[in-house]
Amino acid sequence: MSRRFVPVGRRILEQNIKARYHAGDIGTEDALHLFDELLQVAGRSSIHAINCLLTVVCRDCPALGVSLFNRVARSKVAPSSITYAILVDCCCRAGRLDLGHTAMGHIIKTGFAAEAIVNFNHLLKAICAENKTSYAMDIVLRIMPMFNCVPNIFSYSILFKGLCNEKRSQEALELINMMVEDGGSCRPDVVTYNTVIDGLLKEGEVGKAYSLFCEMLRQGVSPDAVTCSSIISGMCKLHAMDKAEEVLQQMLDRRILPNVATYNSLIHGYYLLGQCEEVDRIFKEMSRNGVQPNVVTYNIQMDYLCKSGRCAEARKIFDSMISLGQKPNVYTYSVLLHGYAMEKSFHDMHCLIDLMVENGIAPDHHVYNILISAYAKEEMVGVVMHIFTKMRQQGLNPDAVSYGAVIDLLCSMGRMDDAMSQYNQMITEGLLPGIIVFTPLISGFCSCGKWEKVDELFSEMLDRGICPNSVLQHNYGPPLQK
DNA sequence: CTAGGGTTAG
């Protein structure tokens, strides 16, 4: 293994790659060329440099990363555990969880399992992103220990974030308590507490969030700017601005510096209450503390303007964002798009979408849903269905909101058979219909007197744990007395 | 060379 036996040419190439990687100086194209060059002369010393190149390619084009890995596997260079970590990450980013699992199986066979925590963690993150946190939980609690791979604080944080995203913060809370009682090497840290406090607040469990915050202090874990921003955001959403300001004051007292996310929450909170003088005050405080507005700040401001019927002013902010040093993102476009939709400015909407595509930003679910509901309001079924098809062509599956808008439209036009086939389609796709789907369907069948369908849908709604709203109570009394 | 948290929208 002595360095002396590494041929000079290879060594120079490897050092060159590592240095350039560190300087952030390797693009995907360069990485591919360097990869070809290195693989021809590669030996056991080359794996570090290969990992650097794989990282670059993986970030930009995960599918290509997987094929490069296969070339490494066929060469005489043995992949390291880090190579496998990059591979699992590639598979997951490419949306190929199946390959991620295969890679993981390979890692276990190769005997890397014990040092493969990072690999498992990549996989856990991808599994949680598909809302399969129960499965991720099984991996952490049962499968990883089976391979002598001890889950670490990262594994738990990924799991907690997944649970919170699925509105299961209560379970995360129980697991935190288990971790504390266990007293082992894996204790909750500031990120763990932040994740679960935020999850509890988002589910409206303010009391439990506060208890956990106190528990965090008892355990000697100091809150940071993220902890405080989460709490402030929670208070703002409850319109409890005095409480939010109190937390801000406590932050300053504890010398925890508020950052742009903290101020954004406050700005959003005051806009929700229409208190523009307070917004101005926060902006001044922000700049006094040297915190620059970011793209989110401008999005919040534009959203307020659009919702107040002041799209033209929002557009001025949009047009000046680049010179303010902030590039509009997909949120920015949808905020403005929604504003135009409220004004029924269809021409502006289409120009904006063209601009967004031109600027390399792909329309997402929100963007399509804004379009769908705008045309649905105009009862333009043909256009709506066309957008639906186009959405699928772009590889985006319509979500419950998209279906809700389409079903609502079909029902309001009395096309109940079409509405039901959309409903069945959404069930087939594994989507959960909410009240926004059941309301138009039940009301629609009510108005054409198809009571057996009404009964059927009503029971199904109750089975799914959805409470009838006031519209349904008004249109359809009997089952409520059940 | 690989892994976790907070801000905005329909």
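Hydrogens, waters and symmetry mates play no part in the numbers below; they use all other heavy atoms, side chains included. Letters A, B, ... mirror the listed sequences (proteins, then strands); counts begin at 1.
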Whole angstrom is fine here: how far is it from [atom1] in [X] over to [atom2] in [N]?
X: A/Y271; N: B/dA9; atom1: OH; atom2: P; answer: 13 Å
X: A/L163; N: B/dG4; atom1: CG; atom2: C1'; answer: 14 Å
X: A/Y304; N: B/dA9; atom1: OH; atom2: P; answer: 15 Å
X: A/I231; N: B/dT7; atom1: CD1; atom2: P; answer: 13 Å
X: A/D224; N: B/dG6; atom1: CG; atom2: C1'; answer: 9 Å

[X] side chain, from C-beta outward: closest of [options]:
X: A/T55; options: B/dG10, B/dG4, B/dT2; value: B/dT2
X: A/N369; options: B/dG10, B/dC1, B/dT2; value: B/dG10
X: A/I158; options: B/dT7, B/dG4, B/dC1; value: B/dG4
X: A/D399; options: B/dG10, B/dT7, B/dA9; value: B/dG10
X: A/N299; options: B/dT8, B/dT7, B/dC1; value: B/dT8
X: A/V401; options: B/dG6, B/dG10, B/dG4; value: B/dG10
X: A/H48; options: B/dT8, B/dG6, B/dC1; value: B/dC1

Presence of donor-acceptor pair under 3.5 Å, side chain of [X] and base of [N]:
X: A/S229; N: B/dG6; answer: yes
X: A/D189; N: B/dG4; answer: yes
X: A/N259; N: B/dG6; answer: yes

Whether [X] contacts [N] is assessed here as follows: a side-chain N or O lying under 4.0 Å from the phosphate OP1 or OP2. Is that the case?
X: A/Y21; N: B/dT2; result: yes
X: A/K307; N: B/dG10; result: yes
X: A/K125; N: B/dG4; result: yes
X: A/H366; N: B/dT8; result: no
X: A/R59; N: B/dT2; result: yes
X: A/K237; N: B/dT8; result: yes
X: A/H338; N: B/dG10; result: yes

* Ring centre gap for A/F388 and A/Y403 strictly below 6.0 Å -> yes
* Centroid-to-centroid, A/F69 to A/Y84, below 6.0 Å? -> yes
* To do: Identify whether any heavy atom of A/I153 sits under 4.0 Å from a base atom; if not, whether one sits that close to sugar-phosphate; answer base, sugar-phosphate or nothing.
  => base
* To do: Using a heavy-atom cut-off of under 4.0 Å over every strand shown, decide if A/N165 touches base, sugar-phosphate, or nothing.
  => nothing
When you measure from the side chain of [X] to the backbone N and O of [Y], does any donor-acceptor pair fall under 3.5 Å?
X: A/Q326; Y: A/V295; answer: yes
X: A/D364; Y: A/V367; answer: yes
X: A/N289; Y: A/V291; answer: no

* Pairing residues for A/E130 by the side chain to side chain contact (heavy atoms under 4.5 Å, CB included) criterion, not counting sequence neighbours -> A/L97, A/K132
* Results of side chain to side chain contact (heavy atoms under 4.5 Å, CB included) for A/L257 - residues two or more places apart only -> none
* According to the 5.5 Å centroid and 30° plane-angle thresholds, does A/F154 stack upon the nucleobase of B/dA3? -> yes
* Asked: Less than 5.5 Å between centroids and less than 30° between ring planes, does A/H268 satisfy that with B/dT8?
  -> no
* Please walk me through it: do A/R20 and A/D30 pass salt bridge (Lys or Arg N to Asp or Glu O under 4.0 Å)? -> CA-CA 10 Å; A/R20 283 183 62 190; A/D30 303 325; 3.6 Å; yes
* Please name the residue in the list A/S229, A/P258, A/P293 that meets the side chain to side chain contact (heavy atoms under 4.5 Å, CB included) test with A/Y263. => A/P258
* **Pair assignment for DNA chain B - dot-bracket with | for other-strand partners, Watson-Crick or G-U under 3.5 Å** => ..........
